[in-house]
Amino acid sequence: MKRIVLFLATNLAIALALLVSMRLLGVEATHNAEGPKLTSLLVLAAAMAFGGSLISLPLSRWMARKSLASEVIGRPRTASATRLLPTVGRQARAATIAALKRLASRQPLADKLAAFGVSGASGLKRLSITHPPLAARIAALKASAER
């Protein structure tokens, strides 16, 4: 739900920025006198922005998989994939936990990393949080490793 709200808010903010820019540049007066209204132009721009976003989201995942020549194993089909899947999962979890512990030991985080180590945010700041606090992520990974 949060992703959908952020998706809609971002696209609406872009349309609003376009509207303000066009009004400041005087495009509205030109379009009202000589052709289509500014509203129809904004609706078209918003439709193209939403459409482009909806196309690029699934495409970017596909392109990443193809460029890395990787394969997503949902259900293992071979004996080697069955053996490999839990091993890779354990190694990935262990590496992630170690990396998060290193980050947690560097408090306060550098500006570049602060978005990934969000903790204690409240009010409107919670809307922009993309990750749970580091301690919660480490605990969740440890719990999933024990299962």
Please enumerate all residues that pass side chain to side chain donor-acceptor pair (under 3.5 Å) together with S80, with sequence neighbours excluded.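 So S80 forms a side chain to side chain donor-acceptor pair (under 3.5 Å) with T78.
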With A135, which residues qualify under side chain to side chain contact (heavy atoms under 4.5 Å, CB included), at least two apart?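 Testing A135 for side chain to side chain contact (heavy atoms under 4.5 Å, CB included), a comparison that skips the adjacent residues, returns none.
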Please enumerate all residues that pass side chain to side chain contact (heavy atoms under 4.5 Å, CB included) together with L68, with sequence neighbours excluded.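 Result, side chain to side chain contact (heavy atoms under 4.5 Å, CB included) vs L68: S70.
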Side-chain donor-acceptor contacts of residues 83-100 below 3.5 Å, not counting sequence neighbours, with atom names and distances?
from	atom 1	to	atom 2	distance (Å)
T87	OG1	R83	O	3.2
T96	OG1	A92	O	2.7

List, by chain and number, the other hydrophobic cluster members for I55, where Ile, Leu, Val, Met, Phe, Trp and Tyr join if side-chain heavy atoms come within less than 4.5 Å, directly or indirectly.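 I55 shares its hydrophobic cluster with L59, W62, M63.
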Interatomic distance, I14 atom CD1 to S21 atom OG [nearest 0.5 angstrom]: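 Reported to 0.5 Å precision, the distance equals 11.5 Å.
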R102: salt bridge (Lys or Arg N to Asp or Glu O under 4.0 Å) partners, not counting sequence neighbours: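 Scan of R102 (salt bridge (Lys or Arg N to Asp or Glu O under 4.0 Å), adjacent residues dropped) gives none.
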